[in-house]
Amino acid sequence: MTAMTHASPAFFDLVVIGAGPAGSAAAIHGVAAGYQVLLVESGALGRDKTCGDGLTPRAISELRKLGLADVVTERYTNRGLKLHGYGGSVTAPWPESAYGTVGSAMPRTLFDEHLARTAQQRGADVRALSTAHAPVVTRGRITELTVQPADGEAYTVRPKWVIVADGVRSPVGKELGRRWHREEVYGIAARSYVSSPFHAEPWMHSHVELRGEDGAIQPGYGWIFPLGDGTVNLGCGALSTNARPAKVNTKKLLDHYADLCRPDWQLGMPERVTSALLPMGGAVSQVAGGNWMLIGDAAAGVNPLNGEGIDYGLEMAEWAIDMLATDAAAELRRAWPELLRERYGEAFLLARTAARLLTYPQFLPTVGPLALRGPIGARLMPAAARLMANLITDDDRDLLARMWRAAGHCASAVRRDTPLWS
Ligand SMILES: Cc1cc2nc3c(=O)[nH]c(=O)nc-3n(C[C@H](O)[C@H](O)[C@H](O)COP(=O)(O)OP(=O)(O)OC[C@H]3O[C@@H](n4cnc5c(N)ncnc54)[C@H](O)[C@@H]3O)c2cc1C
């Protein structure tokens, strides 16, 4: 990390809190838009983040706009998903779409450090090991923020705009009144790194029939995402709601899952096992104020059907910076959640509804054998994988895209009560 100077001006056009993918991307877009940017990160640059490290074409497409796709894809690429379980396996290549057909995976320590350092190289003032807190809010606008370096004295910064990208627990978001609605579906998941000679296999693998040590089906799924560096990211996750909490010890389940997959993948032992929560489907409220916006996990920008959040964080970063240059900047409190609902609302509502079904214990054992075996599965699952990864754009006119949009309209009409960035 380059030396940080606290003698920098206390005023910034844009202060970004959190140097995960969402925050670093916001800083990069902010610099490109001509802002003087301060990016504050409480950890070291490239701190570890519990994640599956998977990047769908949607994420790669957004990285391309940042000029960062090649660094990722030169290391490793994948071609789609392989889904396994209930006596069957289905291969679902990434579909032809505006996002392209290339996916990847990269350990978050490398990925996040790369993004944060790019923000720094392009001109953002990046201050790692520094925690932002205590926003002073006057008439809905943040007028001051305190930055506390790990090894120094706290100081104050005055922002024109603030982008809060401080992750799942969003401590600054909380200070600003952000509420996470756990009555909606959220994820609990664990990941590990495991050596495997099949580390360069060009498919992401998901096991939707996940059994515990006692043989009972668990309300979740396991994944093996090859990383092309001698290891795979192996993990498991479950969907939960306050009403039907997933009673799963994810770390214990991960060990068992690794044991089951070991023969096929010649796996070593799981290392660096960590677990975390996933906020999903826009299930938070109070995501913007007079001069501030929440993005990424802080805004629950995770797809409830596949647990992806990196791409949504990158997209929100771009849209947030774009919005600051429009008339809507005068009304962020209303305009930001409205834009999120417009761009993600229907897809996330449908995904949330489908994900909720998965929290019913009997759902997967009933549907799984149908979906993954025989000719029905072979036809159905590639389409399902396209929906799960939300790889449908407004320009797509095929039957599946039209059906998905129609279902989205219906879901929006029926479930008005659901807090989606309310
Ligand atoms: C087990 C698991 C598997 C997952 N797998 C995938 C996957 O394969 N693909 C995918 O796309 N997504 C996946 N996700 C989701 C993905 O990890 C998140 O959606 C993504 O990290 C969100 O990025 P972010 O920038 O919003 O937040 P984060 O990456 O969490 O970054 C937030 C940053 O803010 C910093 N911060 C917090 N508070 C402060 C403060 N007060 N001051 C300064 N800095 C602060 C934190 O240190 C952190 O670095 C997974 C999640 C889990 C838990």
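Values in this document were obtained by computation on a predicted structure and should not be read as measured data. Atoms within a ligand are numbered from 1 in the order they appear, just like the ligands themselves.
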protein heavy-atom neighbour closest to atom 37 (C) of ligand 1 works out as D166 O, 3.3 Å
Would you mind telling me if ligand 1 is within reach of the side chain of T131, the backbone, both or neither, using heavy atoms under 4.0 Å?
both
F225 neighbourhood, listing ligand 1 atoms whose heavy-atom distance to it stays under 4.0 Å:
8 (O)
Partner of V232 under side-chain contact (heavy atoms from CB on, under 4.5 Å), chosen from W265, F225, F198
W265
Heavy-atom closest pair (P135 atom, V172 atom, distance to 0.1 Å) is CG-CG1, 4.4 Å
Gap separating the CG atom of L68 from the CG atom of L314, nearest 0.5 angstrom
9.0 Å
Would you name the heavy atoms of V284 and A298 that are closest together and state the gap between them?
CG2-O, 4.0 Å
Gap separating the CG atom of L66 from the OG atom of S61, nearest 0.5 angstrom:
10.0 Å
Write out the residue and atom name of the closest protein heavy atom to atom 43 (C) of ligand 1, then the distance separating them to 0.1 Å.
S42 N, 3.3 Å
Check this for me: R169, atom CZ, are more than 12 non-hydrogen atoms of other residues, nucleotides or ligands nearer than 6.0 Å?
no
If I apply the N/O under 3.5 Å rule, does E41 come out as touching ligand 1?
yes
Pull out every atom of ligand 1 sitting under 4.0 Å from any heavy atom of A165, numbered as shown with elements.
32 (C), 33 (C), 34 (O)
Using a strict cut-off of 4.0 Å, indicate which atoms of ligand 1 neighbour a heavy atom of A276.
53 (C)
Heavy atoms of other groups near R341 CZ, more than 12 under 6.0 Å
yes
Can you name the atoms of ligand 1, numbered from 1 with element, that are less than 4.0 Å from a heavy atom of I17?
40 (C), 42 (N), 43 (C)
Short list, please: which atoms of ligand 1 are under 4.0 Å from a heavy atom of G54?
7 (C), 8 (O), 9 (N), 10 (C), 11 (O)
How far is atom 5 (N) of ligand 1 from the closest protein heavy atom, and which atom is that?
G52 N, 2.7 Å
For ligand 1, which atoms have a heavy atom of G18 less than 4.0 angstrom away?
33 (C), 34 (O), 35 (C), 44 (N)
Show the nearest heavy-atom pair for residues P171 and D166, with the distance to one decimal.
N-OD2, 3.2 Å
So does R334 have more than 12 non-hydrogen atoms from other groups sitting under 6.0 Å from CZ?
yes
Kindly determine whether H84 and S89 satisfy side-chain hydrogen bond (donor to acceptor under 3.5 Å, both in side chains), including the steps that lead there.
CA-CA 4 Å; H84 312 280; S89 273; 2.6 Å; yes
More than 12 heavy atoms of other groups within 6.0 Å of E144 CD
yes
W94 versus N78: any side-chain heavy-atom pair under 4.5 Å?
yes
Side chain, backbone, both or neither: which part of S130 comes within less than 4.0 Å of ligand 1 when only heavy atoms are counted?
backbone
Quick one: look at Y312 and ligand 1, take heavy-atom pairs under 4.0 Å, and tell me if it's side chain, backbone, both or neither.
neither
Under 3.5 Å, N or O to N or O, is I310 touching ligand 1 that way?
yes
Nearest non-hydrogen contact to atom 1 (C) of ligand 1 from the set G237, A189, S275 belongs to A189
Residue portion contacting ligand 1 (non-hydrogen atoms closer than 4.0 Å) for K49
side chain
When rounded to the nearest 0.5 angstrom, what is the spacing between CG in L83 and NE2 in H207?
9.5 Å
Return the residue, atom name and 0.1 Å-rounded distance of the protein heavy atom closest to atom 27 (O) of ligand 1.
G167 CA, 3.7 Å
Note the single closest protein heavy atom to atom 12 (N) of ligand 1, along with its residue, its atom name and the distance in Å.
G309 N, 3.0 Å
Can an N or O of P171 be found at a distance shorter than 3.5 Å from an N or O of ligand 1?
no
At a 4.0 Å threshold, what atoms of ligand 1 neighbour a non-hydrogen atom of E308?
10 (C), 11 (O), 12 (N)
re atom 26 (O) of ligand 1, the protein heavy-atom contact at minimum distance is D297 N, 2.8 Å
Out of C51, P21, G20, G296, whose heavy atom is nearest to atom 23 (O) of ligand 1?
P21
What is the nearest protein non-hydrogen atom to atom 20 (C) of ligand 1, stated with its residue, atom name and distance?
R108 NH1, 3.7 Å
Say whether A132, considering both its backbone and side-chain N or O atoms, lies within less than 3.5 Å of an N or O atom on ligand 1.
yes
Counting only heavy atoms not in K65, do more than 12 fall under 6.0 Å of its NZ?
yes
Atom indices of ligand 1, in the order listed, that fall short of 4.0 Å to a heavy atom of G307:
6 (C), 12 (N), 13 (C), 14 (N), 15 (C), 50 (C)
Return the option from L278, L55, L294 holding the heavy atom at the smallest distance from atom 50 (C) of ligand 1.
L278
Heavy-atom pairs closer than 4.0 Å: do any link ligand 1 to the side chain of D53, the backbone, both, or neither?
backbone
Write out the residue and atom name of the closest protein heavy atom to atom 28 (P) of ligand 1, then the distance separating them to 0.1 Å.
R47 NH2, 3.7 Å
Check the pair K160, L324 against side-chain contact (heavy atoms from CB on, under 4.5 Å), reporting the backbone distance first and the verdict last.
CA-CA 11 Å; K160 180 172 183 196; L324 295 184; over 6 Å; no
Polar side chain donor-acceptor pair, D229 to Y193, under 3.5 angstrom
no
